[in-house]
Amino acid sequence: MINITFPDGNVRQYEAGTTAMDIAKSISHGLAKKVLSAKINGEVWDATRPIHEDATLQLLTWDDKDGKMTFWHSSAHLMAEALEALYPGIKFGTGPATDGGFYYDVDTDGHTISSDDFPKIEAKMQELARQKNEYVRKPISIDEAIDFYKEKGDEYKLELLEKRREEGADITLYQQGDFIDLCRGPHVPHTGYIKAIKLTKVAGAYWQGDENRQQLTRVYGITFPKKKELDLYEKMIEEAKERDHRKLGAELELFMFSERVGQGLPMWLPKGNQLRDRLMNFLRVEQEKRGYKLVTTPHIGKKDLYVTSGHYEKYGEDSFHPISTPREGEEFLLKPMNCPHHCEIFAHRPHSYRDLPLRIAEFGTVYRYEQSGELHGLSRVRGFTQDDAHIFCTQEQLKGEFLNVLDLTKTVLAKMGFEEFTAQISLRDPETPEKYIGSKSNWEAAEQAIIDATKEAGLNTVTELGEAAFYGPKLDFMVKDALGRSWQLGTIQVDYNLPDRFELEYVGADNETHRPVMIHRAPFGSMERFISILIEHTGGKFPLWLAPEQFAILPISDRFNEYAAKVEQELAQHDIRGFVDDRGEKVGRKIRDAEVKKVPFMLIVGEKETENGTLSVRKQGDGDVGTMTVAEFAAYFQQQS
RNA sequence: GCCAGCAUAGCUCAGUUGGCCAGAGCAGCUGAUUUGUAAUCAGCGGGUCGGGGGUUCGAAUCCCUCUGCUGGCUCCA
């Protein structure tokens, strides 16, 4: 007998060789039906794999992330089986589960697979799923595996096997139906678990993620244990399309691009610019409260500046090349960062420790060469404005400054209606120290300061090794939007490198010179990217204080235009902004247009209202909310914001 | 940058296997209508079919190329 420890701490005895599925059945059949795989001693196993020793056990279902991953990984195998049936001779790269489904990289041997082929592939997958073929785990020696793939002629799998040989890893194959794949597993018990299937996209992907190697075809899909879940998923995709900031940006006239101006160079239209301005003003006020000083620096700087900062060496080739003066040939770069300029500001006079921390902020517009294929609406552009600041402080002040920034960021996110967020701590990859500059002790001190500050601020954190910048560790805020999607927003980065390169110093209480520490931080990240996320989060229904137009006054006929104009002025006195729709249209039409433009309040004025000095108030998306005087509406408005 | 796909009026889209002056709805303009909670009616204007080159008697339609866009990959100071 073996002891199985359950997540609640209970221990039960089972016969050696039992499986997670048997155990689930012993608890309840309803549960057993839902089990996809199981965590045995922290490792995810097939639910049907025998357990021979004492173990902790956690049954995994669709509700567990690992359960989903098992399900999708099995789905990738199912798709591979279908592809092999439809395209004989096809070769396989890797086919993992992802956060939102799965994919398989294939070498189609000259065939092209396009989305037109999806129905055919989906149908084949359905057919194979209905056969309820078991996923059979087959431990095998590496030589046998190599022989198998040599015969099959799949050089990708052979390469993977060679790698495994170096690692000395155990090899397993999994078979379902006629399809055999090199795989660690685990898998769901049989293909019948996969009920709803949808292939989502097809794209090129480099073998092993290396752009110098063969490009394979990556087919993406998603599957569900129930048809209903697929329907929900498709609804979510539809909703995301409706909220796409590129679509809403055009419809609401927030921003535009022009082929003539250039790719990735957004231009803000009046309404979008108002929104952007309000966000910046909000942040200006919050920063002023926290001791920041605003500065303004030019859009270009001498090449030497970036040679000093080290950016030229690292990014010179892959950024916009220098522009030069006509006579002297002196070279300037469009600034890709504000920090070198800010370092010069710090260095313009000697500093005492009494000056620190010095917090220099700027809404700095920067230009970066992004590969053309990377550009995407406002979220990835070549010219954008960072809500940047650099804090110069002493080593001892580091944690306090971090807490100050965390407080600012939390204030900003809360104000924007992002309820859920986590902080990602990015540290060095201990395996590749050569990728980072700066001393080991500095790195350790900085990493510890971040960890301590986030703990003290009570943040939810995840830690990622190897995600640090080359000059220091960082903390990124990941927010969840209204559709449950995660986005990376603001960032806080410690930098021991630039102060060194710019030889920044201050005089301490000991009358010795010391090197300050520098913190880069941007709560929004960039105005462009932040607004793109805000648009999708709100679906264009911005918080009242940000709405470009807060009301539309809709006169029933032009006889009431005069009263409407008067109301507009009165509301302006209350700092409520909007416009009068005095077109010769019916109210129904005016309401529709205001609804589509997502104007928060529609104020209908006709005979009754003009006589009584009132407004008939309609709320966007909600409909009629009753009649009130201008003063009453102003009060109602304040209470709503 | 790479792979795949797309580009027809301001917007959303029709346009059969190459073949009459390239269409519709919305938006715009003009006029009529004076309107009560999501689209009033009529008329008019608007396109070198993304740019360039080629094949053909003939190209929006086929080929090449450039530009831009979309989805991934790689990258992201």
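So you know, we letter chains A, B, ... as the sequences are listed, proteins then strands, and number each from 1. Atom set for the values below is all heavy atoms of this structure, side chains included, hydrogens, waters and symmetry mates excluded.
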Aromatic plane relationship, A/Phe530 with A/Phe524 - under 30° parallel, 30 to 60° tilted, over 60° perpendicular: tilted

- request: Write down the distance separating the C1' atoms in B/G18 and B/C49, rounded off to the nearest Å.
  value: 15 Å

- request: Specify the separation, in whole Å, of atom NZ of A/Lys201 and atom P of B/C73.
  value: 8 Å

task: Could you check how far CD of A/Glu251 sits from P of B/G10, rounded to whole Å?
output: 17 Å

- prompt: With a 6.0 Å cut-off on ring centres, are A/Tyr367 and A/Phe320 close enough?
  reply: no

task: Please tell me which of the listed nucleotides, B/G71, B/C76, B/C75, lies nearest to the side chain of A/Arg368?
output: B/C76

message: From the set B/C73, B/C75, B/G71, return the single nucleotide nearest to any side-chain atom of A/Ala203.
response: B/G71

task: Calculate the interatomic distance between A/Arg380 atom CZ and B/G72 atom C1'; express it in whole Å.
output: 14 Å

message: Taking 4.0 Å as the cut-off, does a side-chain nitrogen or oxygen of A/His376 come that near to OP1 or OP2 on B/C69?
response: no

- request: Using a strict cut-off of less than 4.0 Å between a Lys/Arg side-chain nitrogen and an Asp/Glu carboxylate oxygen, indicate whether A/Lys241 and A/Asp244 qualify as a salt bridge.
  value: no

- prompt: Does A/Arg382 make a side-chain donor-acceptor contact with the base of B/C76, cut-off 3.5 Å?
  reply: no

- request: Sticking with atom P, work out how far B/G36 lies from B/G45, rounded to a whole angstrom.
  value: 33 Å

- request: Establish whether the base of B/G1 is bridged to the side chain of A/Tyr206 by a donor-acceptor pair shorter than 3.5 Å.
  value: yes

Partner set under side chain to side chain donor-acceptor pair (under 3.5 Å) for A/Gln263, not counting sequence neighbours: none

task: Measure the distance from CZ on A/Phe118 to C1' on B/A4 and round it to the nearest whole Å.
output: 10 Å

message: Between A/Lys247 and A/Glu251, does any side-chain N to carboxylate O distance fall below 4.0 Å?
response: yes

Closest to side chain of A/Glu370, choosing from B/G68, B/C3, B/C75: B/C75

message: Between A/Glu155 and A/Lys91 (salt bridge meaning N to carboxylate O under 4.0 Å), is one present in this structure?
response: yes

Stems where RNA chain B pairs, listed by first number, each of three or more Watson-Crick or G-U pairs under 3.5 Å: B:1-7 with B:67-73, B:10-13 with B:23-26, B:28-32 with B:40-44, B:50-54 with B:62-66

- request: Please say whether more than 12 non-hydrogen atoms of neighbouring residues, nucleotides or ligands are located less than 6.0 Å from CD in A/Glu239.
  value: yes

query: Considering only the C1' atoms, how many Å lie between B/A22 and B/C13, rounded to the nearest integer?
result: 14 Å

task: With sequence neighbours left out, write down each residue that passes side chain to side chain contact (heavy atoms under 4.5 Å, CB included) with A/Asp388, or none if nothing qualifies.
output: A/Asn338, A/Gln386, A/His390

- prompt: Residues two or more places apart in sequence or in another chain: which of them pass side chain to side chain contact (heavy atoms under 4.5 Å, CB included) with A/Val462?
  reply: A/Gln424

- prompt: For the pair made of CZ in A/Arg260 and P in B/G50, what is the distance, rounded to whole Å?
  reply: 17 Å

query: Do the two ring centres, one from A/Phe224 and one from A/Tyr233, sit under 6.0 Å apart?
result: yes

field: B/A9 to B/U48 separation - P atoms, rounded to the nearest Å
entry: 9 Å

field: Rounded C1' spacing from B/C6 to B/U61 in Å
entry: 15 Å

- prompt: CZ of A/Arg218 versus C1' of B/A4: gap in Å, rounded?
  reply: 14 Å

field: All pairs passing ring pair (Phe, Tyr, Trp, His ring centres under 6.0 Å) where residues 579-611 of chain A contributes a residue, at least two apart
entry: A/Phe601-A/Phe633, A/Phe601-A/Tyr636, A/Phe601-A/Phe637

message: Can you build the contact string for nucleotides 29-39 of chain B? Use B for base contact, S for sugar-phosphate-only contact, and - for no protein heavy atom under 4.0 Å.
response: -----BBBBBB

message: Output the rounded distance in Å from CG (A/Leu216) to C1' (B/U74).
response: 14 Å

task: Verify the contact: side-chain N or O of A/Gln215 to OP1 or OP2 of B/C2, cut-off strictly under 4.0 Å; return yes or no.
output: no

task: Would you mind reading off the distance between A/Glu317 atom CD and B/C75 atom P, rounded to a whole angstrom?
output: 18 Å

- request: For B/U56 versus B/G19, give the span between their C1' atoms, rounded off to a whole number of Å.
  value: 12 Å

